[in-house]
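All remarks here apply to the structure that follows.
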Amino acid sequence: MKLVFRNIEKDGSGNIALVPEESEDMWHAFNLIAEGDAVTASTVRKVQNESSTGSSTSSRVRTTLTISVENIDFDTQACVLRLKGRNIVENQYVKMGAYHTLDLELNRKFILQKTLWDSVALERVDMACDPAASADVAAVVMQEGLAHVCLITPSMTLVRSKIDMTIPRKRKGFVQQHEKGLAKFYEAVMQGILRHIDFSVVKCIILASPGFVKDQFFDYMIQQAVKTDNKLLIDNKSKFLLVKASSGFKHSLKEVLQEPSVMVKISDTKAASEVKLLEGFYLMLQMEPSKAFYGKKDVMRANEAMAIETLMISDKLFRCQDVQKRKEYIELVDSARDNGADVRIFSSMHVSGEQLDQLTGVAAILRFPMPELEESEGENNSDSDSD
Amino acid sequence: MARHRNIRNRSYSDDYDYDDVYGHSVEEDSCLSPSDASQWLYDRSKNQQAISQFLESDDIQEETEEEVVNTRPGLERRESIDIRSLNLNEENEAKLMSCLDELRNILGDTIPENNLVQAILNHNFDYNKALDEILNNNSKDVKPAQENSKNTKPKLVIDQVSAIPLVDKAPIITTRSNIPKVIAPKFEGSDVEIIKGFKLNQASAGNSCSSTPRDQSPATERPFKSDCNIIEDKINKIKENKLDPESQYSNERGSEKEHLYIVVVGHVDAGKSTLMGHLLCKLGEVSQRTLHKYEQESKKIGKQSFMYAWVLDETGEERVRGITMDVGRAQFETKTKKVIILDAPGHADFIPNMITGAGQADVALLVVDATRGEFESGFDFGGQTREHALLVRSLGVSQLAVAINKLDTTNWSEERFNEISKKLKIFLKQAGYKDSDVTFVPCSGLTGENLIKAPEEPKLLQWYNGPCLLDVIDKFNVPQRPVSKPLRMSINDVFKATGSGFCVAGRIENGVINKGDKVMVCPTKEIAEVRSIAINDLSNNIAFAGDQVAVTLSGVDIQNVAIGYILSDPVQQIPISSRFEARLVVFNVKVPITKGFPVLLHHQSLVESAHIIKLKALLNKSTGELIKKNPRCLGNNSVAVVNIEVSRPICIERYKDVKELGRVMLRVSGVTIAAGLITDIYYT
């Protein structure tokens, strides 16, 4: 994402112009834009003109509109962001108050105006505009009969393709069927890789599976590549990295990202560090349960006692429609930061973020044990269910 | 009647082939309205009945006779069983039958047969006395019956109801007079009906007293059932079926050896496949030629010690790597049992396969390597010995044999044997096995010592005089087979067989499956028809709970059936849901289980990703008392009630309903973290 300009007043209101450059930037935009914000972007609108004789002609014109956002839609797979709202700046084609849906496009500037730019939003802008962070990794987690072809970007894990097949088991006299089924499965996974992974962008491709599936698949793929003279695969052979995972389900990516050999390759990406952090939280919960808490109420109280060392919070909480709630979370983040805590905002598009979402969306590792929280938490657990 | 019998005795397959033709001819011949026709046609699973039905549709006599049967199928069944259960010798049985016939002649079918039988027995086969008794019981209004009852049926019925204290019979009988009207209004005449009633009883009596094997085989069972009609509502059918399977089971399997499924588990390289392979060879299940071939081939790649394992490890991959990857299957017979072994992989990566295998087993054989260091690494340092034993126990296997293998490497040392069995005993007790259910056997898979014969090795003989492995297997108890419950079969393999259709293989957990049955493939809820059934590669007409079968299905696409699906009774369906409550027993876990914990859920052969969405309560491990409501996390070895959500709907049963389908295993990153019993199912 490119930052074009930034005008923020003392009271926190103001506008920022941004140019999204890659699909991940759409994700950032999705997290930035909230209901009630004003967005200015160029768009195409069908305009009907009535001539003096009464005949009407309609034409499509490109125009720049500013709308007050009422509805935000994000397609996680295609990375397309649509904003629906009323026009608030009249121009020659569109009246005030007319509805329009903006499609934010890559490489086209948009201006976002907020009444309050809070710390989380500003941090998001900084993060989005940091060019160093981008490093794409592709991962294929598989087991016999199930594979996920995923793309891991700094703030998103996208499942590009899921291959789910039934492979006959080995049985007396039917061994061929098992092997045939397996070959078919490998072929499908290979096609998935070829179709969905851009070798020029991706810096490494992780093949992860339990047992020997990964090795068998890798052998199969190279064999096929040689057979069909597929230069793309042969040239990029060195980019493949084989690691162990316990299953072909998506959440075994977590294990993959903890693998030391993978960590070296993707050390910068947010995904790996988030996994590590969450693992740390769980370990703490095991070792010293009074130093690890989750749920809004517990964490809030820990924060009041200035006990938080690391605060993990899912970005889903900042996207919530309720302004009041969002404010509460922003306050939590700000005050925790003021108290010297390490605040990590998890991307809910990563596996670890998904897990954190399930875990009420907010968790904290404390500096010192707070056993009093442990006792009181029984009754408020139900409150923290709502996110 | 004669024609009827003919059909009954007809061989199965013949009927089968011509199904379709009969189906057509009926539509044309009888000119039924489409709705009527559908009544006759709707249930293809009852093909056999349909045939007899169709044949008789032009025959008034027999047609109505069926109506009569129809009205009281439950009773009918009970009677025939009663007679059998009386344990009469042949002569008495014949006497009984003739008396019954006489009585029927006089009374018609208005008095329940068991009353008659009782009376006859009371008077020692003197039918006059018996008749007296019955008539006295009925006091008034018996006369009409004696006159061969020219009376109208309904009146008689009412009288009988008042006379005989069998009140629940009343509604059934009243429907009797209605049904003929619906189907064929012209067959009224009470005269005819009574005669038919008589005939019917003869038929049923004939059926019940005959003791030829054929009569007991399902082939006769079927047309008999077919008498009870399609018109019956489903409830009735189920009631009747409930009686069926038990007797079918005893008929089919009473004489045969019992089937026992045994899963072989243990740490990787403990010698499971070799032990089993050698056992099979010794029992002559593997031909010399094949064995020789394996010997040569294994020698070629320099792994001669694998030659026995190759009997069970068939895929190229398995042989090259020298480990079992998927469950291998073989069978042999002992003195009293037919044993099917499921050779599970020991490697940690293939535990999902092992769970599939163990889920189908009745008993387990745990193989441990007695070699110094090997046992320790398999048992103490995160080896599979522990995990397997725990898993097998959590999957409901309670009887366990422990084969202490490779004892030849320790020079048949008694100390080593005792050391290992002591260690294991403590652990197995903790895991929940009863001491009396665990047997330890010293053996060697490679040399074949103490497998099927008492040991010859003098060093072993010095201290061991217990049973050999085969005897231990023979001594296992075969669990009860729940044949009378509604059908549940878990699918663990889907493959294309030769010929049309495709096969699903799996274990029948509950109930009975017949050739020609309609079954429901769940959770997709598609109806399929059973084309054929094979038990251990032998084709069969019927299979019962506990059997491992390959079922050829038609009517569904192979794409829509996957491993982990359940074949269910179409009427009494299996619950399908994605949310349920379970009681978890947490094993040794590295990190505690919290809300939102992503896990892999193993349920039978199904593996699905799931989340723990709520921790409801923490319970006391031994007493089950509530310790804490809404706990924050579940630590090691705790017992808790949680809610689990699966990523897509699956077929589950509550543990109290169907044990096998009420068990789940939770695994995270290749480690089993908990086992659970389903206590409640939420429908969303």
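In what follows, chains are A, B, ... by sequence order, proteins preceding strands, each numbered from 1.
Within the model, atoms CD1 of B:I593 and CG of A:L285 stand 11.0 Å from one another, a figure rounded to the nearest 0.5 Å. In this structure, CG on B:L600 lies 7.5 Å from CD on A:Q143, to the nearest 0.5 angstrom. Rounding to the nearest 0.5 angstrom, the gap separating the CZ atom in B:F502 from the OG1 atom in A:T166 is 10.0 Å. Taking NZ of B:K496 as the start and NZ of A:K180 as the end, the distance is 8.0 Å to the nearest 0.5 Å.
Per-residue counts of heavy-atom pairs under 4.5 Å with chain B were compared for A:S209, A:G145, A:P289; the largest is that of A:P289. Counting heavy-atom pairs closer than 4.5 Å to chain A, the top residue among B:T594, B:V494, B:V327 is B:T594.
Contacts between A:E354 and chain B at a heavy-atom distance below 4.5 Å are absent for every atom of the residue. Heavy atoms closer than 4.5 Å to chain A are found nowhere in B:V671, neither backbone nor side chain. Contact of B:S647 with chain A is not made at all, since no heavy-atom distance falls under 4.5 Å. When heavy atoms are compared at a cutoff of 4.5 Å, A:K250 does not approach chain B at all. There is no contact between A:L356 and chain B, counting heavy-atom distances below 4.5 Å. When heavy atoms are compared at a cutoff of 4.5 Å, B:I351 does not approach chain A at all. Neither the backbone nor the side chain of B:Q559 has a heavy atom closer than 4.5 Å to any heavy atom of chain A. Proximity to chain B (any heavy atom under 4.5 Å) is restricted, for A:A292, to the backbone atoms N, CA, C and O.
Residue A:F249 comes nearest to B:V607 through the heavy atom pair CZ-O, 3.4 Å, listed as atom of the first residue, atom of the second, then distance. Residue B:G670 comes nearest to A:S246 through the heavy atom pair N-CB, 3.0 Å, listed as atom of the first residue, atom of the second, then distance. The minimum heavy-atom distance between B:F350 and A:G211, with the atom names listed, is CZ-CA, 4.0 Å. A:P168 approaches B:D493 most closely through the heavy-atom pair CA-OD1, 3.3 Å.
The main-chain N or O of B:R632 is found under 3.5 Å from a side-chain atom of A:Y294 such that the two form a donor-acceptor pair. Remark: the backbone N or O of A:F212 is not paired with any side-chain donor or acceptor of B:R321 at under 3.5 angstrom. The backbone N or O of B:V589 lies less than 3.5 Å from a partner atom in the side chain of A:Q286, making a donor-acceptor pair. Although no hydrogens or angles enter the test, the distance criterion places no donor-acceptor pair under 3.5 Å between the side chain of A:Q355 and the main chain of B:P598.
Just one of B:E645, B:H611, B:K595 meets the side-chain contact (heavy atoms from CB on, under 4.5 Å) condition when paired with A:Q358; it is B:H611.
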Problem set entry | Candidate pair A:H251 and B:V668, rule side-chain contact (heavy atoms from CB on, under 4.5 Å), full reasoning | CA-CA 9 Å; A:H251 55 68; B:V668 167; over 6 Å; no
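A salt bridge links A:D164 and B:R648; the closest N-O separation between the charged side-chain nitrogens and carboxylate oxygens is under 4.0 Å.
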